[in-house]
Amino acid sequence: ISPGISKGKVIHEPTGPYPDSQYEHSSISATCVNLFNLTTASNEPAFLTARDAWAGSLETELDVEGEPRTDCPMHLPDPPKA
């Protein structure tokens, strides 16, 4: 649940940047590079490692143009006691 993703949207696998790219923790830095157009002095994308260059970016999944959702929970319930 995220205020930046449309209600009901199901995210599967990324469409790139490589045919075998996946969403994983490196997708966060890959998304930042793409969303904020971070580049090196030679105008190449400023990825930290080959791993985040390979990771799927979530930029196409985020709804950054519209208003954030307001129906997301602010607090999660406590987990059941064992």
Side-chain angles (χ1 to χ4, degrees):
I1 299 173
S2 169
I5 296 178
S6 300
K7 186 175 184 172
K9 187 173 202 171
V10 177
I11 300 171
H12 295 286
E13 293 188 0
T15 57
Y18 298 95
D20 63 340
S21 290
Q22 294 294 315
Y23 291 127
E24 50 142 45
H25 69 281
S26 297
S27 295
I28 296 170
S29 58
T31 301
C32 289
V33 168
N34 292 328
L35 266 181
F36 299 111
N37 199 27
L38 303 176
T39 58
T40 63
S42 60
N43 213 25
E44 296 291 321
F47 294 112
L48 299 173
T49 66
R51 186 170 184 162
D52 62 331
W54 166 86
S57 173
L58 295 162
E59 69 179 305
T60 58
E61 308 298 346
L62 296 173
D63 299 321
V64 294
E65 299 297 323
E67 292 291 319
R69 289 175 47 195
T70 58
D71 62 338
C72 297
M74 295 297 290
H75 304 284
L76 296 176
D78 290 331
K81 296 190 188 313

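Note that these values count all heavy atoms, side chains included, but never hydrogens, waters or copies made by symmetry.
Between the CG atom of L58 and the CD1 atom of I28 there is a distance of 8.0 Å, given to the nearest 0.5 Å. Atom-to-atom distance recorded for C32:SG and N37:CG is 13.0 Å, nearest 0.5 angstrom.
The salt bridge (Lys or Arg N to Asp or Glu O under 4.0 Å) contacts involving residues 23-50 comprise E24-R51, where partners must be two or more places apart or lie in separate chains.
In this structure the side chain of N34 reaches within 4.5 angstrom of the side chain of F47, judged on heavy atoms.
A single hydrophobic cluster is not seen to contain both L48 and Y23; linkage of ILVMFWY side chains at heavy-atom distances under 4.5 Å, directly or through other members, places them apart.
Residue A46 comes nearest to V33 through the heavy atom pair O-CG2, 3.6 Å, listed as atom of the first residue, atom of the second, then distance. For the pair T31 and S57, the tightest heavy-atom approach, listed with the atom from each and the gap, is CA-OG, 3.4 Å. Between P17 and A55, the closest heavy-atom pair is CD-O, 3.4 Å.
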Validation: residues 9-16 side-chain donor-acceptor distances under 3.5 Å, sequence neighbours left out:
| residue | atom | partner | partner atom | Å |
| --- | --- | --- | --- | --- |
| K9 | NZ | E61 | O | 3.3 |
| K9 | NZ | E61 | OE1 | 3.4 |

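Under the 4.5 angstrom side-chain criterion for Ile, Leu, Val, Met, Phe, Trp and Tyr, the cluster partners of W54 are Y18.
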